[in-house]
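Below is one structure; the comments refer to it alone.
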There are 2 protein chains.
Amino acid sequence: MKNNVKVQRAIHNLTQQDLAGRIGVSRQTINALEAGKYVPSTVLALKLAKLFEKDVTEIFELEPTD
Amino acid sequence: MKNNVKVQRAIHNLTQQDLAGRIGVSRQTINALEAGKYVPSTVLALKLAKLFEKDVTEIFELEPTD
DNA sequence: ACAAAATGTAAAGTTTATTTGTCATATTGG
DNA sequence: CCAATATGACAAATAAACTTTACATTTTGT
């Protein structure tokens, strides 16, 4: 799983804190997510996609190892 | 999180076992997923969407409580 | 009706997501 | 330059996803 949350967040000019608050997770979750440290839940993915007005697949991409 | 995996599976005429095998999870995971017992990971959601050739949002829908 | 296949469900265990707390470093604005 | 804000990172704890095993019920095909 790759994601480009960091880029989307930059586009929308939000801090990790802001973003975390808007979708109801902790800042560390956003930080670790951007660092590719884990795969988020579908709820989280859908909320991010909705907030960024993007398709889920435009933010999250399956990798061969998934 | 609502989902219509059961419907998609019916459309594609797959058993829970088949589907589980194709996306690499256990049958019980599919069963529980269809029963709405938990929120799947984004990897699982993306794999299902890919297999069913649907948008993730056509299979999974956020609910007000999410 | 019978047997096989499919589904529902549940408990126990393992792995992974997410939180909370904390600290160090970097970046930004006055 | 200084102070505030933002980011990176880590560890311990909790919650939730997912597996395995197992069994009961339902559905399907002959």
Side-chain angles (χ1 to χ4, degrees):
Chain A
M1 271 276 4
K2 276 178 62 178
N3 75 75
N4 65 351
V5 169
K6 192 167 187 169
V7 172
Q8 296 301 321
R9 185 169 61 78
I11 292 172
H12 292 261
N13 199 36
L14 294 169
T15 70
Q16 293 182 342
Q17 190 85 259
D18 284 343
L19 179 52
R22 281 178 185 251
I23 65 182
V25 295
S26 71
R27 181 182 72 82
Q28 285 81 349
T29 293
I30 298 298
N31 189 285
L33 181 56
E34 290 185 354
K37 293 204 177 152
Y38 61 76
V39 175
S41 73
T42 298
V43 166
L44 184 34
L46 285 175
K47 284 184 177 178
L48 287 168
K50 186 175 186 180
L51 181 61
F52 292 147
E53 295 176 309
K54 290 274 176 188
D55 220 74
V56 176
T57 55
E58 291 178 288
I59 303 176
F60 296 93
E61 198 179 348
L62 283 175
E63 298 189 280
T65 59
D66 289 326
Chain B
M1 271 278 1
K2 278 178 60 177
N3 74 76
N4 64 351
V5 169
K6 193 167 188 168
V7 172
Q8 296 302 320
R9 184 168 62 79
I11 291 172
H12 291 261
N13 199 35
L14 294 169
T15 70
Q16 292 182 344
Q17 192 85 260
D18 284 343
L19 180 53
R22 283 179 183 253
I23 64 182
V25 294
S26 71
R27 180 182 70 81
Q28 285 76 353
T29 292
I30 298 298
N31 188 285
L33 181 56
E34 290 186 353
K37 294 204 176 150
Y38 62 75
V39 174
S41 74
T42 298
V43 167
L44 183 34
L46 285 175
K47 284 183 177 178
L48 287 168
K50 187 175 185 180
L51 181 61
F52 292 148
E53 295 177 308
K54 290 273 177 187
D55 220 76
V56 175
T57 54
E58 291 178 286
I59 302 176
F60 296 93
E61 197 178 348
L62 282 176
E63 297 189 281
T65 59
D66 289 327

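Naming: A, B, ... by sequence-line order, numbering from 1 per chain.
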Distance, rounded to the nearest Å, where [X] contributes [atom1] and [N] contributes [atom2]:
X	N	atom1	atom2	answer
B/Ile23	D/dT19	CD1	P	9 Å
A/Asn13	D/dA6	CG	P	11 Å
A/Glu34	D/dA9	CD	P	11 Å
A/Leu33	D/dT7	CG	C1'	15 Å
B/Arg27	D/dT20	CZ	P	13 Å
B/Asp66	D/dA16	CG	P	13 Å
A/Leu14	D/dT5	CG	P	17 Å

Strictly below 4.0 Å: does [X] bring a side-chain N or O up to OP1 or OP2 of [N]?
X	N	value
A/Ser26	C/dT19	yes
B/Lys37	C/dG8	no
B/Arg9	C/dT7	yes
B/Ser41	D/dC18	yes
A/Lys6	D/dA6	no

Testing C/dT22, D/dA17, C/dT9 for proximity to the side chain of B/Asn31, the answer is C/dT9
Reckon A/Gln28 touches a base, only the sugar-phosphate, or nothing at all at heavy-atom distances under 4.0 Å?
base
Categorize B/Thr15 for me: base, sugar-phosphate, or nothing, with a 4.0 angstrom heavy-atom threshold over every strand shown.
sugar-phosphate
For residues 3-18 of chain B, the salt bridge (Lys or Arg N to Asp or Glu O under 4.0 Å) pairs (sequence neighbours left out) are B/Arg9-B/Glu34
